[in-house]
Amino acid sequence: MTVDAPLRLDNLLQRIASDAFESCFGSALDAHSISIQKTRSEFPGDRTLVCFPLSRMSKAAPDATAQRLGEAMVSAEGPVVGFNVVKGFLNLEIQPDYWGSWLKTEAADAGYGRRPAGSAPHVMVEYSSPNTNKPLHLGHLRNNFLGHSVSRILEAMGHTVTKVQIVNDRGIHICKSMVAWQRMGNGETPESAGMKGDKLVGKYYVAFDQAYKAEVAERKAAGMADDEAEKGAPILVEAQETLRRWEQGDEETVALWRTMNGWVYTGFDETYATMGVEFDKLYFESDTYLIGRERVLEGLERGVFERSEDGAVWVDLTGDGLDRKLLLRGDGTAVYMTQDIGTALLRFQDYEDLDRQVYTVGNEQEYHFKVLFLVLAKLGFQQAERCHHLSYGMVELPEGKMKSREGTVVDADDLMAEMFSIARDIAREAGKLDGLDEKDQQAVFQRVGLSALKYFLLKVDPKKNMMFDPKASIDFYGNTGPFILFNYVRGRSVLRKADAEGHGNFETQEMAIPASDEMELIGLIHDLPDVIQEAALTYNPSLVANWCYDLTKAYSSYYQDHSILGAEEEETRVLRLTLTERFTRSLHTGMNLLGIELPERM
RNA sequence: GACUCUGUAGCUCAACUGGAUAGAGCACCUCACUACGGAUGAGGAGGUUGAGGGUUCGAAUCCUUCCAGGGUCGCCA
């Protein structure tokens with residue numbers, strides 16, 4: 001058989017089935033309309049062709065159709081060597097040799113599962129995008145891990161990916177921290193306080209809130225109406241004035257703003273480094289909100305938007321089933337949408353070949369992005385229809401939502417540190433790292449701890465809300481990152497030992513024909529390209545996570561049942577070692593797409 | 001109220017997009033093995049897929065009506 005690109009088994013079977021159908025029943029079948037699926041384990045066979053939909057065209061009962069089709073497929077040239085029919089299901093047996101040679105050749109490719117870099121359009125992925133007034137928390141972890149993983153998945157599909165964030169560095173929130181620091185800070189800095197910069201600024205944000213509440217209570221006690229007491233509290237007024245001074249470019253205000261944001265960035269950088277995520281370019285709201293205003297006014301001139309009597313600019317989306325939406329206030333100041341329009345257009349300008357943007361943002365902003373993409377389309381960007389809001393659900397705690405006021409926010413740094421510490425305790429007990437120095441051990445604890453966290457947050461379908469039960473999430477057994485790592489490490493250990501014992505040249509040796517449990521493992525490895533493609537199409541890393549787990553479980557069971565190095569026959573050992581090598585490598589690829597680094601020992 | 005997402009074992013999650021007897025992990029019970037790394041494997045029990053109706057050879061999946069929960073509907077971000 002001569003094919004340039006590796007032909008996927010299912011496509012091959014569709015082609016054979018289509019030809020077979022025509023020779024049996026006279027009419028041609030569209031190969032894509034033939035549904036091929038994995039055979040359930042309780043029936044003999046590897047692939048199943050569902051014949052119910054075909055019976056109309058064959059003018060025969062489903063079983064009869066399946067029977068004749070099966071016979072024709074076996075006698076055709078190709079990998080089908082047997083079949084059985086259960087009701088309308090045609091179970092096909094694939095030649096074990098087909099699996100064996102596939103494992104030996106195509107699965108050996110260094111880039112197996114990945115498409116060539118640059119073979120798909122340029123995509124921008126935005127994630128993280130925090131406010132600069134408080135530290136990153138559990139919700140940000142889900143956001144960052146998702147965005148980072150989707151970036152890797154798109155890269156594996158051949159896309160050029162640019163990872164960005166929009167830093168929400170301006171507005172009333174940071175002004176609140178600034179005012180509180182001025183009033184109560186006594187010149188405190190991250191150095192003098194011995195505190196990460198983001199934590200320090202967060203501390204003053206909390207201090208602001210407390211001072212504000214105290215003022216409101218005091219004013220109410222003095223007999224003031226609720227509304228007046230809340231809106232006119234001096235510290236709040238001061239924050240609003242600070243914001244106005246900032247917008248006017250007041251030097252002292254801007255200098256403090258720059259200083260305190262700088263502290264935050266240093267703190268964030270440390271957190272991102274620990275998390276293992278990175279960005280190619282940062283966008284700042286303070287740079288883009290003015291651009292947004294210009295672009296909206298341009299759109300107004302071109303008649304895409306409309307102006308109301310008070311001078312505000314609106315977009316009318318009633319024709320798209322939505323509402324009218326404000327783009328610019330009557331006094332000319334920007335709203336959230338204004339700056340997002342500016343940011344999006346700036347990005348298309350920065351990268352002219354950009355095919356689309358992916359926004360990793362919580363599901364409470366779904367409406368916002370619907371509007372944004374419609375606005376971009378109205379401004380004439382064809383990329384708008386390919387832009388995607390990677391919407392994800394909230395991370396909930398057993399006691400409910402995270403509330404900063406109630407102190408139930410799970411801090412990202414604290415959580416990661418806790419995971420590392422648990423990893424250390426378990427590893428010390430196992431005692432497998434005794435030969436390593438302190439620094440290398442620490443690196444392993446971090447990988448193991450982080451794998452637990454990342455896998456836990458990524459294995460759930462992004463669009464669903466998920467429960468973060470601290471007790472369950474730090475589990476290192478069962479369906480967890482560390483379980484997957486453990487089996488990887490074990491496989492690697494066997495390969496090292498094979499090398500040391502002189503069995504390292506298995507790639508060039510004759511290999512036994514796989515039996516059924518081996519074919520199951522090969523089948524899982526064979527799925528990888530489809531899993532990656534589906535994950536990329538749906539922006540859904542959980543598909544990759546679940547594949548990693550299924551593969552690992554199958555290997556773990558196989559490892560339990562068979563001694564790899566202790567195989568009686570040389571050809572059997574070659575098969576088991578080859579399987580182990582392909583398992584570790586394809587698992588490495590899959591986990592890498594989740595942003596999870598694999599250790600060599602743990 | 002309108003729109004939207006979700007509802008699957010006691011708990012946390014799957015289910016190849018309409019296929020066969022709905023699967024994993026945790027917790028519970030029973031086993032296996034000096035194990036090439038036990039951070040293991042095998043088995044048991046646990047389900048009217050929120051409820052009703054419909055579509056068809058076939059529904060957790062599609063349509064419809066309810067029920068419950070989340071989210072959105074700001075000149076907030």
Side-chain angles (χ1 to χ4, degrees), chain A residues 10 35-40 42-43 48 50-53 55-56 61-62 86-89 91 131 168 171-173 285 308 310 312-314 321-323 325-331 333-340 362-368 370 391 393-394 396 398 401 423 426-427 429-432 448 456 459-461 463-469 471-473 475-480 482-483 485-487 489-498 501 503 527 530-531 534 538 542-543 545-547 549-550 553 556-567 576 580 601-602:
Chain A
D10 289 357
S35 122
I36 308 256
Q37 54 194 268
K38 280 193 164 182
T39 301
R40 295 181 66 102
E42 57 262 42
F43 302 103
T48 294
V50 184
C51 292
F52 296 97
S55 78
R56 184 179 303 161
V86 182
K87 290 189 268 183
F89 296 93
N91 300 321
N131 291 353
N168 188 4
I172 192 70
H173 55 270
E285 268 190 23
S308 62
D310 63 352
V313 179
W314 296 78
L322 302 180
D323 238 330
K325 182 84 184 171
L326 182 88
L327 302 183
L328 206 55
R329 291 193 188 104
D331 63 4
T333 56
V335 292
Y336 183 48
M337 186 61 72
T338 321
Q339 65 91 10
D340 255 10
N363 62 9
E364 70 274 11
Q365 295 196 34
E366 277 171 9
Y367 186 79
H368 173 81
K370 254 183 214 164
S391 168
M394 271 184 318
E396 289 165 356
K401 293 180 194 173
I426 294 178
E429 200 172 328
K432 296 283 182 186
V448 174
F456 188 86
K459 73 175 171 181
V460 180
D461 187 338
K463 74 176 173 221
K464 290 188 177 177
N465 287 354
M466 66 176 295
M467 176 63 64
F468 187 85
D469 180 347
K471 287 193 285 292
S473 65
D475 210 333
F476 281 24
Y477 308 88
N479 185 359
T480 65
F483 169 79
L485 260 51
F486 169 72
N487 280 282
V489 164
R490 199 157 61 163
R492 295 289 301 160
S493 172
V494 170
L495 291 171
R496 274 196 305 271
K497 191 163 181 186
E501 292 181 356
H503 299 298
D527 287 341
D530 297 333
V531 171
E534 187 66 17
T538 55
S542 77
L543 300 176
N546 286 315
W547 174 84
Y549 177 66
D550 289 340
K553 217 162 95 65
S556 184
S557 169
Y558 181 76
Y559 178 95
Q560 183 81 12
D561 292 342
H562 306 282
S563 175
I564 311 289
L565 292 170
R576 291 176 184 173
T580 300
R601 39 186 103 230
M602 62 189 272

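Chain A is the first sequence line, chain B the second, and so forth, proteins listed ahead of strands; every chain is numbered from 1.
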Inset, instruction - Name the residue closer to the 5' end of RNA chain B, choosing between A:Met602 and A:Asp461 according to the nucleotide with the nearest heavy atom. - result: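 Upstream on the strand: A:Asp461.
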
Inset, instruction - Map A:Tyr559 and A:Glu366 onto RNA chain B by nearest heavy atom, then report which one ends up closer to the 5' terminus. - result: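 Whichever sits nearer the 5' end wins; that is A:Glu366.
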
[X]: partners by salt bridge (charged side-chain N to carboxylate O under 4.0 Å, His left out), with sequence neighbours left out:
X        : answer
A:Asp10  : A:Arg47
A:Arg492 : A:Glu600
A:Lys38  : A:Asp527
A:Arg40  : A:Glu42

Heavy atoms only, 4.0 Å cut-off, all strands: where does [X] land among base, sugar-phosphate and nothing?
X        : value
A:Phe483 : sugar-phosphate
A:Glu501 : nothing
A:Lys432 : base
A:Pro62  : nothing
A:Asn91  : base
A:Arg490 : sugar-phosphate
A:His562 : base
A:Val531 : nothing
A:Ser563 : base

Inset, instruction - Can you tell me which stems involve RNA chain B, if a stem is defined as three or more consecutive Watson-Crick or G-U wobble pairs, both distances under 3.5 Å? - result: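 The stems that RNA chain B takes part in, listed by first number, are B:1-7 with B:67-73, B:10-13 with B:23-26, B:28-32 with B:40-44, B:50-54 with B:62-66.
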
Legend entry - Residue A:Asn546, side-chain heavy atoms: nucleotide from B:U21, B:A14, B:G41 that is nearest: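 The nucleotide sitting nearest to the side chain is B:A14.
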
Inset, instruction - Give the nucleotide from the list B:U21, B:G37, B:G19 with an atom nearest to the side chain of A:Val50. - result: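 Out of B:U21, B:G37, B:G19, the nucleotide with an atom closest to A:Val50's side chain is B:G19.
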
Inset, instruction - Go through the structure and list residues passing side chain to side chain donor-acceptor pair (under 3.5 Å) with A:Asn131, not counting sequence neighbours. - result: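 Scan of A:Asn131 (side chain to side chain donor-acceptor pair (under 3.5 Å), adjacent residues dropped) gives A:Asn168.
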
Legend entry - Contacts of A:Ser473 that satisfy side chain to side chain donor-acceptor pair (under 3.5 Å) - sequence neighbours left out: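 In terms of side chain to side chain donor-acceptor pair (under 3.5 Å), with neighbours along the sequence ignored, A:Ser473 is linked to no residue.
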
Legend entry - Heavy-atom check, side chain of A:Phe476 versus side chain of A:Phe486, under 4.5 Å: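 Side chain of A:Phe476 against side chain of A:Phe486, heavy atoms only: no contact under 4.5 Å found.
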
Legend entry - Check: A:Tyr558 and A:Ile564 side chains under 4.5 Å, non-hydrogen atoms: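 With C-beta onward as the side chain, the pair touches.
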
Inset, instruction - Would you mind building the protein contact string for nucleotides 72-77 of chain B? One character per nucleotide, 5' to 3', B for base within reach (heavy atoms under 4.0 Å), S for sugar-phosphate only, - for untouched. - result: S--BSB

Under the rule for side-chain contact (heavy atoms from CB on, under 4.5 Å), what residues qualify as partners of [X], not counting sequence neighbours?
X        : answer
A:Glu366 : A:Asn363, A:His389, A:Ser391
A:Val460 : A:Arg142, A:Lys464, A:Met466
A:Val86  : A:Phe43, A:Asn84, A:Asn91

Inset, instruction - Give a yes/no answer on whether the side chain of A:Ser557 brings an N or O atom under 4.0 Å of OP1 or OP2 in B:G41. - result: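 Checking A:Ser557 against B:G41: no side-chain N or O falls below 4.0 Å of OP1 or OP2.
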
Legend entry - Phosphate OP1/OP2 of B:C36 contacted by A:Arg496 side-chain N/O (<4.0 Å):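 No, A:Arg496 has no side-chain N/O under 4.0 Å of OP1/OP2 on B:C36.
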
Legend entry - Base B:A20 to side chain A:Thr48, donor-acceptor N/O within 3.5 Å cut-off: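 In this structure, the two groups form a donor-acceptor pair.
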
What is the distance from [atom1] of [X] to [atom2] of [N], rounded to the nearest Å?
X        : N     : atom1 : atom2 : answer
A:Asn465 : B:A68 : CG    : C1'   : 14 Å
A:Lys401 : B:G69 : NZ    : C1'   : 10 Å
A:Leu495 : B:G37 : CG    : P     : 11 Å
A:Lys553 : B:G23 : NZ    : P     : 13 Å

What's touching nucleotides 7-12 of chain B from the protein side, N or O pairs under 3.5 Å?
unit_1	atom_1	unit_2	atom_2	d
B:G7	OP1	A:Lys464	NZ	3.2

Legend entry - Ring-ring centroid check A:Phe468 A:Phe456, cutoff 6.0 Å: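 Yes, the ring centres sit under 6.0 Å apart.
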
Inset, instruction - Inspect the surroundings of CD in A:Glu501 and state if more than 12 heavy atoms from other residues, nucleotides or ligands are less than 6.0 Å away. - result: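 Yes, CD of A:Glu501 has more than 12 neighbouring heavy atoms, counting only those of other groups under 6.0 Å.
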
